[in-house]
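Everything below concerns the one structure shown next.
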Protein chains: 2
Amino acid sequence: MKKTSGRGQVKSVVDILGKRIAAAQYKEGEILPIEQQLADSLGVGRNALREAVKVLSGKGLIATAPRSGTRIRPRDEWNMLDPDVLSWHADPETATPEFLLALLEIRRIIEPRAAELAAVRATREDVATILAAYDDMQRYQEDPDRRVSADIELHTAILAASHNAYISHFRYAIATYLKAHSKIGQRSDREKLRKDLELHHDIAWSIARCKAKSAYSNSVRMLNHGRLRVEEAEHSLAEEAKRSA
Amino acid sequence: MKKTSGRGQVKSVVDILGKRIAAAQYKEGEILPIEQQLADSLGVGRNALREAVKVLSGKGLIATAPRSGTRIRPRDEWNMLDPDVLSWHADPETATPEFLLALLEIRRIIEPRAAELAAVRATREDVATILAAYDDMQRYQEDPDRRVSADIELHTAILAASHNAYISHFRYAIATYLKAHSKIGQRSDREKLRKDLELHHDIAWSIARCKAKSAYSNSVRMLNHGRLRVEEAEHSLAEEAKRSA
DNA sequence: GTGAAAAATAAATACGATCTATTATTATTT
DNA sequence: AAATAATAATAGATCGTATTTATTTTTCAC
């Protein structure tokens with residue numbers, strides 16, 4: 001009968017509360033139960049809970065004040081680009097198509113310009129990483145998980161090759177998008193996947209060949225293709241909702 | 001001689017450690033002193049320190065492991081777009097011109113497109129906020145602090161009018177840039193400020209008039225003007241360094 | 001000697017009890 | 001009715017102790 005139940009409790013409390021908040025299970029402005037109660041209800045000590053609360057405060061999701069308690073802050077003050085916050089929003093249970101579209105919109109702003117910069121600034125190592133990732137994508141076409149990983153690797157490598165830390169940071173947003181998309185969006189449509197691979201090939205090689213203009217336009221082409229896929233997915237989700245209603 | 005020194009300790013420990021880490025006072029891969037020592041040296045209890053450490057972990061700056069201690073994570077894994085992380089990097093003591101240039105680079109990618117979207121999507125309230133901010137900028141031309149605040153307000157309002165939470169989140173990066181720029185960059189050069197105001201006027205009004213194309217190009221013009229100013233500042237910093245060497 | 005298993009160890013992780021500081025609310029006074 | 005003082009609720013912070021985990025050292029068999 002060990003009372004003290006292992007490790008990683010703070011992390012898990014952060015995730016639980018983070019997901020609840022992202023899913024609006026606690027609404028903006030709402031006040032959480034007092035520390036002791038919340039700790040009890042989560043089966044952890046007050047210290048562990050407090051550490052979790054501090055982490056969430058650091059991400060802008062909540063604010064604490066003595067006597068008044070712990071309050072959910074307005075959504076537009078959250079650190080939306082925080083990797084954890086992104087992943088909580090991507091929870092397949094509660095993620096909305098708007099979420100994917102918002103991410104896609106910013107991808108369409110950042111990625112073509114990142115590709116353009118990468119074509120100019122990539123070192124030989126950068127290029128090697130990019131091409132290796134493309135190879136993996138091709139190799140693992142049949143294995144959804146590994147294909148997505150390689151896809152993420154490729155986009156990450158392109159952003160990194162822009163040699164701008166702020167641009168590079170978008171890898172988390174893109175990774176979140178790609179993971180969510182692969183879960184929510186798509187059963188593997190053979191023809192779409194082939195086309196997608198080809199588009200990735202074109203970007204990778206424009207960068208490898210220092211063609212900034214084509215890197216830009218190939219990135220745009222790729223994201224247009226993605227957009228179509230999201231819109232279809234959204235459409236099919238709507239159909240589903242109609243059916244279940 | 002109060003041992004228990006008031007409140008807000010966690011916040012202040014987070015800031016102290018955050019700044020040290022951002023300034024590479026602790027280097028990547030380095031291991032921090034053990035909790036008890038570090039807590040003692042900062043004059044706080046171990047719990048307060050632990051809460052601070054958890055916050056910094058949440059922002060990707062450090063990672064903890066039993067037995068091995070608390071280690072500084074590689075820079076490219078930090079949440080660079082976190083408002084706190086941004087502000088720690090903007091510390092005038094240690095901020096580099098590269099920092100400003102990196103931020104300016106991403107501003108040049110995001111803001112014109114945000115302005116374009118704002119021209120299409122802004123509600124009447126959005127437009128009112130944008131124009132009010134512009135008015136303040138004009139009104140407080142002579143008061144550097146208030147002028148910068150109004151400048152930040154204006155850019156924030158434009159991003160908000162894009163109605164995309166991820167784009168809007170950039171307000172922190174822009175605010176950091178503008179604050180740092182006003183501190184580091186510029187004694188107020190009358191002619192530059194007048195030109196700057198004019199450029200802001202043009203953006204605000206293209207958005208108000210739903211002119212997406214001009215909003216885009218006016219945003220580009222404004223940022224080009226900014227770039228010149230950063231490059232001059234960088235140049236003068238280099239001169240200063242030469243003289244002091 | 002060498003390699004693998006076992007023990008010691010050092011660090012973070014977690015709990016619980018207790019005290020403090022702050023502040024919203026309530027009660028009191030003017 | 002308004003200003004002020006008391007109250008109580010809640011987060012903030014500390015201390016001490018036990019647990020867990022991963023590394024290092026030691027032991028022991030081969």
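No hydrogens, no waters, no symmetry mates; every other heavy atom, side chains included, goes into these values. Below, chains carry the letters A, B, ... as their sequence lines are ordered, and counting in each starts from 1.
- Using a 4.0 Å heavy-atom distance criterion, A/K11 is classed as making no nucleic acid contact.
- Using modelled atom types, no side-chain atom of A/S168 and backbone atom of A/A165 make a donor-acceptor pair closer than 3.5 Å.
- In this entry the distance linking CD1 of B/I31 with P of C/dA10 reads 15 Å, nearest Å.
- Between A/R50 atom CZ and D/dA13 atom C1' there is a gap of 7 Å when expressed in whole angstrom units.
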Polar atom pairs between nucleotides 5-9 of chain C and protein, under 3.5 Å, N or O only, would you list them?
residue, atom, partner, partner atom, Å
C/dT9, O2, B/R67, NH1, 3.1

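- For B/D143, the salt bridge (Lys or Arg N to Asp or Glu O under 4.0 Å) test picks out B/R146, with sequence neighbours left out.
- Checking D/dA11, C/dT13, D/dT14 against the side-chain heavy atoms of A/P66 singles out D/dA11 as nearest.
- Dashed line: the shortest gap from a side-chain N or O of A/K54 to OP1 or OP2 of D/dA11 is not under 4.0 Å.
- To the nearest angstrom, C1' of D/dG16 lies 10 Å from CZ of B/R46.
- When the side-chain nitrogen and oxygen atoms of B/Q9 are compared with OP1 and OP2 of D/dT14, one or more of them lie within a distance under 4.0 Å.
- Between A/K19 and A/D15 there is no salt bridge, since no side-chain N of the basic residue sits under 4.0 Å from a carboxylate O of the acidic one.
- Closest to the B/V44 side chain, of the nucleotides C/dC15, C/dA14, D/dT14, is D/dT14.
- Rounded to whole angstrom, the span from the CD atom of B/Q36 across to the P atom of C/dT13 amounts to 15 Å.
- Atom CD of A/E35 and atom C1' of C/dA17 are 15 Å apart (whole Å).
- When distances run from any side-chain atom of A/T70 to the nucleotides C/dC15, C/dT13, D/dA11, the shortest one goes to D/dA11.
- By the 30° and 60° cut-offs, the orientation of the rings of B/F99 relative to B/H89 is parallel.
- Protein atom CG of B/L42 is 15 Å distant from nucleotide atom C1' of D/dT14, rounded to whole Å.
- In this model, a donor atom of one side chain and an acceptor atom of the other lie less than 3.5 Å apart for A/T123 and A/D126.
- At a threshold of 4.0 Å, the pair A/R20-A/E30 does not count as salt-bridged, since none of the basic side-chain nitrogens sits closer than that to a carboxylate oxygen.
- Closest to the B/N47 side chain, of the nucleotides D/dC15, D/dT17, D/dG12, is D/dC15.
- If you check C/dT13, D/dG12, D/dT14 against the side chain of B/A48, the one that comes closest is D/dT14.
- B/Y172 and A/Y166 have their aromatic ring centers separated by at least 6.0 angstrom.
- Distance B/D40 CG to D/dT14 C1': 12 Å, rounded to the nearest Å.
- Between B/G45 and A/A65, the one whose closest nucleotide on DNA chain D sits nearer the 5' end is A/A65.
- Mapping B/L32 and A/L49 onto DNA chain C by nearest heavy atom places B/L32 at the nucleotide closer to the 5' end.
- Nucleotide C/dA24 holds its P atom 10 Å from the CZ atom of A/R71, rounded to whole Å.
- A donor atom on one side chain and an acceptor atom on the other are not found under 3.5 Å apart for A/N47 and A/E51.
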